[in-house]
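Heads up: the structure comes next, in structure tokens.
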Amino acid sequence: MTDVSTNTSARVVTRFAPSPTGFLHIGGARTALFNWLYARAKGGKFLLRIEDTDRKRSTPEAVAAILDGLDWLGLRWDEDPLYQHTRAERHRAVVAALLEKGRAYRCYATPEELAAMRERARAEGRPPGYDGTWRDRHPSEAPEGVKPAIRFKAPREGETVIEDAVQGRVVFQNANLDDLVLLRSDGTPTYMLSVVVDDHDMGITHVIRGDDHLTNAARQSQIYDALGWQRPVFAHVPLIHGPDGAKLSKRHGALGVEAYRAMGYLPEALCNYLARLGWSHGDDEIFSMEQAIEWFDLSGIGRAPARFDFAKLANLNGHYIRGASDEVLIAHIRRGLGEFESKAELPKNLSKEEWDKLRRAMPGLKERAKTLVELLENARYLFAKRPLRLEAKAQKLLNEEARALLRALLKELETLEEWNAASLERCIKAFAEEKGLKLGKVAQPLRAALTGRTISPGIFDVLEVLGREESLARIRDRL
RNA sequence: GCCCCCUUCGUCUAGUGGUUAGGACGCCAGAUUUUCAUUCUGGAAACAGGAGUUCGAUUCUCCUAGGGGGUGCCA
């Protein structure tokens, strides 16, 4: 790790810096995606830093969930992830240097005093925050036995200007920015200090993160300046809102990416959707990540918050499912089978024969599913045991007239030599024609008998995949 | 309270002083079809409001309203 005060490298280095207190939520995933895209677009590096300075709230499970989420999305990071807590010594050293320079000081205020201070400021309509009591007080006045926190001596006059790559020029009056804590009284570094030191030491050139950090950018800039370090380019991306415009809650989308996996979304679809949410390249809607890398730039990021729209995600997902190869879909289903969430009962595992059936039915199945869960729900007829349980609509369809028709058709099918979609189509179409019926009149009862439902993939495919014995048996079950 | 950001169809967005304000999702209607889905065609649907600047504002400035974020010895 280098410690140079100027960044001489022209190479772009971005980072994703989650705090491991939970899963990788959707907003974090998009932030990671933007950082990843930008690094790849500029031929730079994308680093990962785990912000676990709050040891009490950080868990190894959360770290694993985040890494797994990034991996599933296909966002590969360069180098080993940096665990921020391992850098505490370095952080303290930087604070010592600041103290030495007179840009930081010991503060002996108690939590109670600070609370009272905030209350007073609010009541008087002044900007809240630390009032600087200990800023110029002599250390000899320090109370006995109180461990001090170290505060940053922020400039009191003038302004701090952020030239944000997304938000444009943002000006903060320094009078509104108070002296933040750099080192807690227990000697641990705070976030505000750690980010600056780590971003600097890691050579981060572009900090792309959520809008909620915009104010932090001003404070952090002051620290960069005090240290004589070059500030990175900041790009504050608007947050993602729920469908109702309110903050994203668990109810509607603030889920971990693994929840999207469980809902049957494909990572390509999620990436495409997320990239399009808040970033645009003209009217382009559907594109691969390779294409996005070619197009991506900070200038394409919008300044307004965006609402999460499941309908559009589903549409995109359907597109990617239809376009995926049968093998790829099988692989995704293998991975997700144990965790898919559905109101219907889905199998938790399949036999070799069942996998084989699923594979053969895949062309018809993937044509009509918006999620893998929906695909599997539509595939239940493949695994159902005889006699099939009929849905109400299917039951109704199989009236006396329809059964008579099936009886006649059964005779034809029993004598059929070749059992494949093409020969079955010839046979059944001829049968319908002979009876003077539209194909639908024959296909629907047949569908009901074979699948127990009124909707399914093409009926000839259903017959082929089910096979002669099973198909004929299911028809006989209804006669 | 104080500080900061945002505001084009219901939603995601294109647009950078002169356009019939475009696309996508969703919705509605129709075509194709063995069901469903796909596909195709058509349709309804937006510049938050008010002042300026300008020959001319969706585009620039200001104000208002609404929304969001921050305001921790959390990150």
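So that the names make sense, note that chain A is the first sequence line, chain B the second, and so on, each numbered from 1.
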Which part of the nucleic acid does A:Thr21 contact within heavy-atom distance under 4.0 Å: base, sugar-phosphate only, or nothing? nothing

Assess whether one donor atom and one acceptor atom, taken from the side chain of A:Ser185 and the base of B:C73, lie less than 3.5 Å apart. yes

Under 3.5 Å, is there an N or O donor on one side and an acceptor on the other linking the side chain of A:Asp283 and the base of B:G22? yes

A:His281 and A:Asp297: side chain donor to acceptor below 3.5 Å: no

If you pin A:Val170 and A:Arg184 to their nearest nucleotides in RNA chain B, which one's is more 5'? A:Val170

Just to be sure I understand the rule, does A:Leu114 reach a base, reach only the sugar-phosphate, or reach nothing, if contact means heavy atoms closer than 4.0 Å? base

Can you tell me if A:Arg453 touches the phosphate of B:C36, counting only side-chain N or O atoms and a distance under 4.0 Å to OP1 or OP2? no

Could you walk me through whether A:Arg135 and A:Asp179 pass the salt bridge (charged side-chain N to carboxylate O under 4.0 Å, His left out) check? CA-CA 9 Å; A:Arg135 185 175 166 118; A:Asp179 291 350; 3.1 Å; yes

Going by 5.5 Å between centroids and 30° between planes, is there a stack of A:His236 over B:G69? no

With a 4.0 Å cut-off on heavy atoms, is A:Glu51 in touch with a base, just the backbone sugar-phosphate, or nothing at all? sugar-phosphate

Quiz question: going by heavy-atom distance under 3.5 Å, is there a donor-acceptor pair between the base of B:U7 and the side chain of A:Arg303? no

For A:Pro457, answer base if it contacts any base atom (sugar-phosphate contacts may also be present), sugar-phosphate if it contacts only those atoms, and nothing otherwise; contact means non-hydrogen atoms under 4.0 Å. base

Using atom P in both nucleotides, what's the gap between B:U64 and B:C5 to the nearest angstrom? 14 Å

Remember a base hit wins even if backbone is also touched, and classify A:Thr454 as base, sugar-phosphate or nothing at under 4.0 Å, heavy atoms. base

Heavy atoms under 4.0 Å, any strand shown: does A:Arg307 hit a base, just sugar-phosphate, or nothing? sugar-phosphate

Quick check for you: among B:A24, B:A14, B:U38, whose closest atom lies nearest to any side-chain atom of A:Lys370? B:U38

NA contact type, A:Pro238, heavy-atom cut-off 4.0 Å: base, sugar-phosphate, or nothing? nothing

Nucleotide paired to B:A48 in any strand shown, Watson-Crick or G-U, under 3.5 Å: B:U64

Looking only at N and O atoms, is any donor in the side chain of A:Arg368 or the base of B:C36 less than 3.5 Å from an acceptor on the other one? yes

Answer with base, sugar-phosphate or nothing: what part of the nucleic acid does A:Tyr273 contact at a heavy-atom distance below 4.0 Å? nothing

By the 4.0 Å heavy-atom rule, please label A:Asp52 as base, sugar-phosphate, or nothing. nothing

Can you tell me the Watson-Crick or wobble partner of B:A29, both distances under 3.5 angstrom? B:U41

Applying a 4.0 Å non-hydrogen cut-off, can you work out what A:Ala314 is touching in the nucleic acid: base, sugar-phosphate, or nothing? nothing

Show me the donor-acceptor pairs within less than 3.5 Å that the side chains of residues 14-22 of chain A make with the rest of the protein, sequence neighbours left out.
unit_1	atom_1	unit_2	atom_2	d
A:Thr14	OG1	A:Asn35	O	3.0
A:Arg15	NE	A:Asp199	OD1	2.9
A:Arg15	NH2	A:Asp199	OD2	2.8

Partner nucleotide of B:U71 by Watson-Crick or wobble geometry (both distances under 3.5 Å): B:G1

Who is the Watson-Crick or G-U wobble partner of B:C36, with both distances under 3.5 Å? none

Ring pair (Phe, Tyr, Trp, His ring centres under 6.0 Å) for A:Phe296 and A:Phe34? Distances and angles first, verdict last. CA-CA 8 Å; A:Phe296 194 82; A:Phe34 282 5; 5.5 Å; yes

Among B:G26, B:C3, B:U13, which nucleotide has an atom closest to any side-chain atom of A:Asn315? B:G26

Closest to the 5' end of RNA chain B, once A:Gly125 and A:Thr53 are matched to their nearest nucleotides, is A:Gly125

Quick test of your reading of the model: are A:Arg87 and A:Asp201 salt-bridged, counting only N-O distances below 4.0 Å? yes

Assigned partner base of B:C9, Watson-Crick or wobble definition, under 3.5 Å: none

Can you confirm whether the side chains of A:Gln444 and A:Thr454 place a donor and an acceptor under 3.5 Å from each other? no

Is A:Val171 touching bases, backbone alone, or none of the nucleic acid, heavy atoms closer than 4.0 Å? sugar-phosphate

Report which part of the nucleic acid A:Ala149 touches: base, sugar-phosphate, or nothing (heavy-atom distance under 4.0 Å, all strands). base

